[in-house]
Amino acid sequence: MRILPRSIAFALCVACTQTPPLVTQPPVTEPPIPTPPEPAAGGTSFGPTELPSEALGLYGEAAAFAPLQPGSGAASITLDIPELVAAHPAPTALLIPFDADRFYEPARVNVEGTQVRGDLPLDKPVLVVLELGTVASDNYRLLNQLASYREQLSQPLGDDVCKQVLCSNDVFKADQLATRVPGLGPLQTRLGLNFPAVDVGLVEPQPTACDGCLARWPSALPCLLTRCKEFPLPRKARVRKNIAALSVEEVASLRAGVAAMKARPDSDPRSWVYQAKMHAVDSGDVAALQDGCQHRQFYFFPWHRMYVAYFERILRAASGDPNLTLPYWNYSDVAAQRAVPVVYRDPANTSNSLYDSTRAPIYNAGAQLPAADVSYTSAFSALAFTAVGPGVTFGGGTVASPQHFPSPGASGLLERSPHNNVHNDVNGNMATGESPRDPIFWLHHSNIDRLWNKWIEQGGARTNPTADPNWMNQTFTFFDETGAQVSLTGATILNTVDQLGYRYDDDPYAIAPFWPADTLGQVMGQRIPPAQQVPTTDTVLEQKAEVRLTEKSKTVALKLQQANRKAMQKSIDTKLANEKYFLELRGVRFDAPVGVTYLLFLNLPAGAKNPDHTHPNFLGTLGFFGHHAAAASGHHESGAGATEAYDITELVKRLGKLTDLKLTLVPSYPELPPDRKDLVELRKAMKPAGEPRIAEIAIIRQPTP
Ligand code: C2O
């Protein structure tokens, strides 16, 4: 008995059953600049016969594709697809704009007779996906995922995948692919994460394996992968490399791009200074789209990803090198790379566009950032991207709308370490709101963006807050390399490969599903305020004695009232598993860049020698970033300072007895490579500036559900 699959359709790849693909790898090109839609005047109609011939050759089934006329800016299009509809009756279809590098957000429309009609703001060809079943979008996504792995599969392995998927005589579950095809192991990715279990229906074994597989819809999936080498077009991703791995020519391009941007007048949105002021403005008036950086809440990651992505395009265009990408500074993993990369400090003069003379002299001289300041261990151990109310998360507290540098804010752990610490330690411009004036900023943020991917890659419960419509749909606007304004939302930057066209040299090829099925409705739908329940907490300690930080360690006794201490002790002894304790530093303020990061310890044993982030009593770091002089708009830091929270649950549990709790803050100073004893004096002279201080220390208890 042959059970016909109840399943899907996407653009049928007819060409590949007969002929080899006409075009192999198209060159990496910038996606066209989206043109703002003009008012739809009844729409524009295209029939299959009007398709350009390269679309036929490249993409297969002619009827499934239709170009929007370049430059037409059409907002509403009607596609007539009689053959496709006749062969595969479906009530709905997805219209997916695409270009050489990527697919864009689809629109779901009804099929009316032989036509589909949709409002598509992008000036791009459109892929029509007929929805024959409920799993259409999953399968389409799976196809995308497989296609993105394809270049890493050898041909025999590709055939294996095809056979396993097509000819296994049972229901294919995508997440079993790794077990069935052990050869996929070297891809070093979590297939289960990337390939959710998609039931594509029962497939009958084929004596000739994959031959003829295109006759049936689900079969098209691996066929397209292994036989139709060009469908869908492999997404091209530019690779962001470790700065330490750049060639001389690549460094030259980087320098040329930065120099060209610096030469532009400050009023040009593509100039160095204008771009820096898009982050924050420390002096002068605020111009269009300036002073917008997102900190201390959960827009930190998406905003900076977008900002850096458009900066990279501007830099690439300015450099004249079409292959330029922004490198990253991997200060966390290799001691030697904790120094400011040598090309950013040598030559140490204005002939080197990457040099910034305002940095802490010791770092411009080659000292290394302290390992504790650049550790992401605690950030990576966090499972939650965000939380409402107090909490310690990877990505920062939930907010309903963008916020610049809110007080008190709820910075995510990675924003604090290594992010804030690197700003603070490098000092000079880097410690200010206009930190992007220092070229190292962009390298730093490329790395922060990379660490976001790495966190997701750790798996477990780590996911982006795709269920939060505010995070997904919030629009942020930037300038592109032509000086035009462009907007992105969280939903459009989740996967850097599919959506932004870049990846890191050590990324798994595909990070997150290109198109999370469960978010489709939210992305396309209304913005709804999420139901947010602030968890109840009680205050165990509130100690309002200002702590001033100096170049020396400082220990503060945490004087719990007896009743509170007893209650806390009791809960530790009995039911701590159900509670969390957070230590909060409230009203963290400073008047100018500080330049020294502090390491926090709870009950640090007396005489501990050079305790660092590996010490069992280590709580985390306190770095300083986010103060900047009030600009004309006057909406900066209110003066109340930031709150930094530390999860002390495990530590107090380990300490056992809660008598004599004390917090020690130890200043963290640069490390010197063995051959740099010449910097010892410079290090001895280092002191925190800007009067860093903490207004209040609190301990709060939060019952965990
Ligand atoms: Cu918005 Cu590292 O800064």
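Start at 1 with the first residue, then count along the sequence. Quick note: numbers below take in every heavy atom, side chains included, and nothing from hydrogens, waters or symmetry partners.
Residues L665 and L599 have side chains not in contact (no heavy-atom distance under 4.5 Å, counting atoms from C-beta outward).
For H279 and F441, the distance between ring centers is under 6.0 angstrom. When ring centroids are compared, F624 and H423 stay outside the 6.0 Å threshold. Centroid-to-centroid, the aromatic rings of F301 and Y299 stay 6.0 Å apart or farther. In this structure, H419 has its ring center closer than 6.0 angstrom to the ring center of F625.
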### From CA spacing to verdict: salt bridge (charged side-chain N to carboxylate O under 4.0 Å, His left out), K241, D505
CA-CA 5 Å; K241 299 180 191 165; D505 56 5; over 6 Å; no
### Message
Quick one, R416 with E644, criterion salt bridge (charged side-chain N to carboxylate O under 4.0 Å, His left out). Give me CA distance, side-chain angles, the key distance, then yes/no.
### Response
CA-CA 9 Å; R416 286 157 57 184; E644 307 270 7; 2.8 Å; yes
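Note: H295 and F405 have parallel aromatic rings, judged against thresholds of 30 and 60 degrees for the angle between ring planes.
Checking Y344, Y328, W329, Y307 one by one against W442, the ring-ring contact (aromatic ring centres under 6.0 Å, His included) holds for a single residue, Y307.
The shortest heavy-atom contact between G490 and M306 is N-CE, 3.8 Å. Closest approach of R462 to W455, counting heavy atoms only: CD-O, 3.2 Å.
Summarising the local packing, NZ of K662 is surrounded by more than 12 heavy atoms from other residues, nucleotides or ligands at distances under 6.0 Å.
Remark: R240 qualifies as a cation-pi partner of Y502 under the 6.0 Å distance and 45° angle criteria applied to the six-membered ring.
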